[in-house]
Amino acid sequence: MNILLAERLYRTMCEIREFELAAAHYYKEGELPGFIHLSLGQEACAAGSCAALDPDDYIASNHRGHGHCLAKGASPRLMMAELFARAEGYGKGRGGSMHIADISKGVLGANGIVGQSAGLALGAALSIQVRKQQACAVAFFGEGASSTGIVHEAMNMAAIWRLPLVFFCESNNYAELSPYAAHVSVDSISSRAAGYGFPGVEVDGEDVFAVHDAMQKAVARARDGAGPTLIEAKASRWRGHYEGDPQTYKSPQEREDPGRFDPLVRFGRDAAASSTVPAERRKEIAIEAKSLIDDAVAWARSLPSPSLNAIFQDVYQD
Ligand SMILES: Cc1ncc(C[n+]2csc(CCOP(=O)(O)OP(=O)(O)O)c2C)c(N)n1
């Protein structure tokens, strides 16, 4: 096992975990305005998939996008400043959690419109093809979004034009408050790719190495001009749909022990991974990740809130 890759995967998962635990804490304290949707439990999806990408590849994310943005290289400081609604944040503090974008890192944006990531990534993939680049684009979305019109249109167009696009579905069993069986007509989301004539693969979203492996294959196929792949990563959403969601639609067992599906614990249970990155080293990485996020939080909180006049800026063109 490649030690650099294994450490990178573990580190990214730790950073996402720490970022979201901090976001949850300060949201509860009333310091973060708006809504936040956390991807705790789904860290392996973002970490494993983005580690297979190059800096000039693109990703388009959804409302549960902190992990994707961090894993693709967005700055924890600028992300945290956005969550705290500070002018130094990615969207000048006006967008919040669902509107984080960093074009310089290929992050086309988190997105509050369900399914929209597929349309954005489709456009990026078409531009890559037209400009004859080697890059690829990835659309992250949930199993709920997989039933939207735009995702199906994007799959059809990507297949016809053999675009360098990966559809990455994080299948976490709930879309808002509805369990999978209530809103999806097939047993697996990956099977939907067959309707458009390209491969659909299912992967264990708790296993960061399995995710990375599946993504590497999909990216290689995209770069070869063979067209799209749909990856369905089976995952678990530990928290509610949004922070504060009472989750009455989950079983008491699910509510009480959400962490039993845990990609970080799973990493430690993996014999090859735990001998490549032993427990002591994992502890060091976790501590470094925590201090990176502590720094981002401290910096964001130290910034003044924007002036009231700022709401009138960038509204009208002179
Ligand atoms: C076009 C659109 N329809 C509905 C909503 C409301 N909404 C927000 S999240 C969500 C469910 C998304 O579920 P899924 O795609 O499975 O993602 P998850 O929340 O599970 O990560 C819905 C219906 C929306 N934001 N946009």
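One-based numbering, in listed order, for ligands and for the atoms of each. The residues of the chain are indexed from 1 along the displayed sequence.
Screening R64, E20, E170 for a side-chain hydrogen bond (donor to acceptor under 3.5 Å, both in side chains) involving S39 leaves a single residue, E20. Tested against S61 for a side-chain hydrogen bond (donor to acceptor under 3.5 Å, both in side chains), the candidates K72, H66, Q116, H68 yield a single pass: H68.
Within ligand 1, the atoms closer than 4.0 Å to a non-hydrogen atom of N172 are 18 (P), 20 (O), 21 (O), numbered from 1 in the order shown. Applying the 4.0 Å criterion to heavy atoms of R64 picks out, from ligand 1, the atoms 18 (P), 19 (O), 21 (O). For ligand 1, the atoms closer than 4.0 angstrom to any heavy atom of H241 are 9 (S), 19 (O). Close contacts of ligand 1 with G144, meaning ligand atoms under 4.0 Å from a residue heavy atom, involve 14 (P), 15 (O), 16 (O).
Only the side chain of H63 comes within contact range of ligand 1, with a heavy atom under 4.0 Å; no backbone atom does. Residue Y174 touches ligand 1 through its backbone alone, judged by heavy-atom distances below 4.0 Å.
Look at E143 and you'll find a heavy atom under 4.0 Å from some atom of ligand 1.
Ranking the protein heavy atoms by distance from atom 15 (O) of ligand 1 puts A145 N, 2.9 Å first. Considering only non-hydrogen protein atoms, atom 7 (N) of ligand 1 sits nearest to E176 OE2, 3.4 Å.
Of the N and O atoms on the side chains of R282 and S274, not one donor lies less than 3.5 Å from an acceptor on the other residue. If you check the side chains of R8 and H212, you find no donor sitting under 3.5 Å from an acceptor. Side-chain contact of N309 with S307: a donor-acceptor pair under 3.5 Å is absent, judged by distance alone.
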Determine all donor-acceptor pairs shorter than 3.5 Å in which one atom belongs to a side chain in residues 45-53; sequence neighbours excluded.
{"residue": "S49", "atom": "OG", "partner": "C45", "partner atom": "O", "Å": "2.6"}
{"residue": "S49", "atom": "OG", "partner": "A46", "partner atom": "O", "Å": "3.3"}

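Looking at residues two or more places apart in sequence or on another chain, you find a side chain to side chain donor-acceptor pair (under 3.5 Å) between D295 and R77.
Heavy atoms of other residues, nucleotides or ligands lying less than 6.0 angstrom from CG of L308 number 12 at most.
Annotation: G112 places an N or O atom under 3.5 Å from an N or O atom of ligand 1; distance criterion only. Polar contact with ligand 1: absent for A175 (N/O pair, distance under 3.5 Å).
Around atom 8 (C) of ligand 1, the closest heavy atom drawn from T148, V184, V114 belongs to V114.
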